[in-house]
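Along the sequence shown, residues carry numbers from 1.
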Amino acid sequence: MKISLIKIGITLCVIGIIWTTIIFLEGNRILEEFLLEPSNSHNIKLDFEGKDIGYYKTFITEYSGEELFIQVFDNNKNIISEQSVHTKMSVMYFDFENTGKYSLNIENISKNSIKLQVEFGNTNSQNMITSGIMVVVGALMIMLASYLKLNNYKIEHPAENIS
């Protein structure tokens, strides 16, 4: 069995993607589901370590135009991120610089009650560098092998004026 550049590239990409997924799933996160009444807010707190990228994902189960206002605070109650959400699902990322307890404040600014699913956590992106490089190298190998195959590909053209 001949091992080609394309097979090596695909293998590197698959291993890198699986490795990245495992690293992401090992990150610290919390998932909550709750009903948020009009003009009320809900707070979620989570400990983050080091310097990395955090995220929150909101999903409104029965969306019909509701609106949320979301803020992320650090230990000192400084606003790290804020966003107004007008969609059924939203994902937002933010950088955190220090170890500590960060809080996510979700406020219902619509006139209806909202049933929400919220995930708040750490992406663990600092540990994904090696797996990310593996995916990039694999993709470059696939592109190079494809280019070499297409470059050597010859096609015969029929005569122009066949009667």
Side-chain angles (χ1 to χ4, degrees), residues 5-144:
L5 200 57
I6 273 191
K7 289 179 184 175
I8 294 170
I10 290 172
T11 303
L12 283 176
C13 283
V14 168
I15 290 170
I17 289 168
I18 291 171
W19 190 4
T20 301
T21 302
I22 290 169
I23 291 170
F24 178 75
L25 292 175
E26 288 176 347
N28 191 15
R29 72 178 44 82
I30 188 168
L31 176 65
E32 288 190 15
E33 190 171 334
F34 52 90
L35 182 67
L36 194 57
E37 298 296 329
S39 301
N40 284 350
S41 64
H42 185 78
N43 202 321
I44 301 172
K45 294 185 181 199
L46 188 64
D47 289 321
F48 289 112
E49 293 181 15
K51 178 181 177 182
D52 209 339
I53 299 171
Y55 75 98
Y56 57 89
K57 178 175 75 171
T58 60
F59 180 73
I60 302 172
T61 52
E62 298 172 9
Y63 181 73
S64 59
E66 290 87 359
E67 190 174 348
L68 298 170
F69 184 68
I70 301 174
Q71 293 178 311
V72 178
F73 297 97
D74 65 3
N75 267 347
N76 302 323
K77 302 295 181 196
N78 296 321
I79 297 174
I80 303 297
S81 170
E82 60 185 10
Q83 176 187 20
S84 184
V85 175
H86 308 277
T87 58
K88 182 172 185 150
M89 188 177 101
S90 175
V91 179
M92 187 69 179
Y93 297 91
F94 59 92
D95 294 325
F96 61 90
E97 303 290 326
N98 302 316
T99 299
K101 190 172 283 282
Y102 287 73
S103 62
L104 179 73
N105 189 45
I106 305 150
E107 186 175 342
N108 182 355
I109 54 177
S110 66
K111 296 178 181 175
N112 303 324
S113 297
I114 302 174
K115 187 173 182 184
L116 275 173
Q117 291 177 353
V118 178
E119 186 174 342
F120 182 47
N122 181 358
T123 60
N124 216 4
S125 67
Q126 295 296 322
N127 298 330
M128 293 181 191
I129 295 170
T130 307
S131 63
I133 291 171
M134 184 180 288
V135 171
V136 169
V137 168
L140 290 174
M141 290 174 82
I142 292 169
M143 288 189 291
L144 177 65

Give me the atom names and distance for the closest heavy-atom approach of Ile44 to Glu32. CG1-OE1, 3.7 Å
For the backbone of Asn78 and the side chain of Asn76, can you confirm whether one donor and one acceptor N or O come within less than 3.5 Å of each other? no
Nearest heavy-atom contact between Gly138 and Leu12 is CA-CB, 3.9 Å
When every non-hydrogen atom of Thr99 is compared with those of Asn75, the smallest separation belongs to O-ND2, 3.8 Å
Ignoring hydrogens and angles, tell me if any N or O in the side chain of Glu66 forms a donor-acceptor pair with the backbone of Ser64 under 3.5 Å. yes
When rounded to the nearest 0.5 angstrom, what distance separates CG in Asn43 from CD in Glu107? 11.5 Å
Can you tell me how far NZ of Lys77 sits from CD1 of Ile79, rounded to the nearest 0.5 angstrom? 11.5 Å
So among Val118, Ile60, Thr87, Ile109, which one has a side chain to side chain contact (heavy atoms under 4.5 Å, CB included) with Leu68? Ile60
Please check if the side chain of Asn124 supplies one atom and the backbone of Met128 the other of a donor-acceptor pair under 3.5 Å. no
CG (Leu5) and CD1 (Ile142) are apart, to the nearest 0.5 Å, by 9.0 Å
Between Tyr56 and Phe120, does the ring centre distance come in under 6.0 Å? no
Tell me whether the count of non-hydrogen atoms from other residues, nucleotides or ligands lying under 6.0 Å of CD in Glu49 goes above 12. no
Thr123 and Phe24: which non-hydrogen atoms are nearest, and at how many Å? O-CD1, 3.5 Å
When the aromatic ring centroids of Phe96 and Tyr102 are compared, is their separation below 6.0 Å? yes
When you look at Glu67 and Ser110, which way does the side chain to side chain donor-acceptor pair (under 3.5 Å) test go after all the steps? CA-CA 5 Å; Glu67 190 174 348; Ser110 66; over 6 Å; no
When you measure from the side chain of Asn122 to the backbone N and O of Phe48, does any donor-acceptor pair fall under 3.5 Å? no
First locate atom CZ of Arg29, then atom CD of Glu119, and finally report the distance between them rounded to the nearest 0.5 Å. 5.5 Å
Interatomic distance, OH@Tyr93 vs NZ@Lys57, rounded to 0.5 Å, equals 9.0 Å
Does Lys115 have more than 12 heavy atoms from other residues, nucleotides or ligands lying within 6.0 Å of its NZ? no
Heavy atoms of other groups near Lys51 NZ, more than 12 under 6.0 Å: no
What distance do Ile15 atom CD1 and Ile10 atom CD1 have between them, rounded to the nearest 0.5 Å? 12.0 Å
Closest contact, heavy atoms only, Leu36 versus Asn108: O-ND2, 3.0 Å
Heavy-atom nearest pair, Leu35 first then Ser113, reads CD1-CB, 4.1 Å
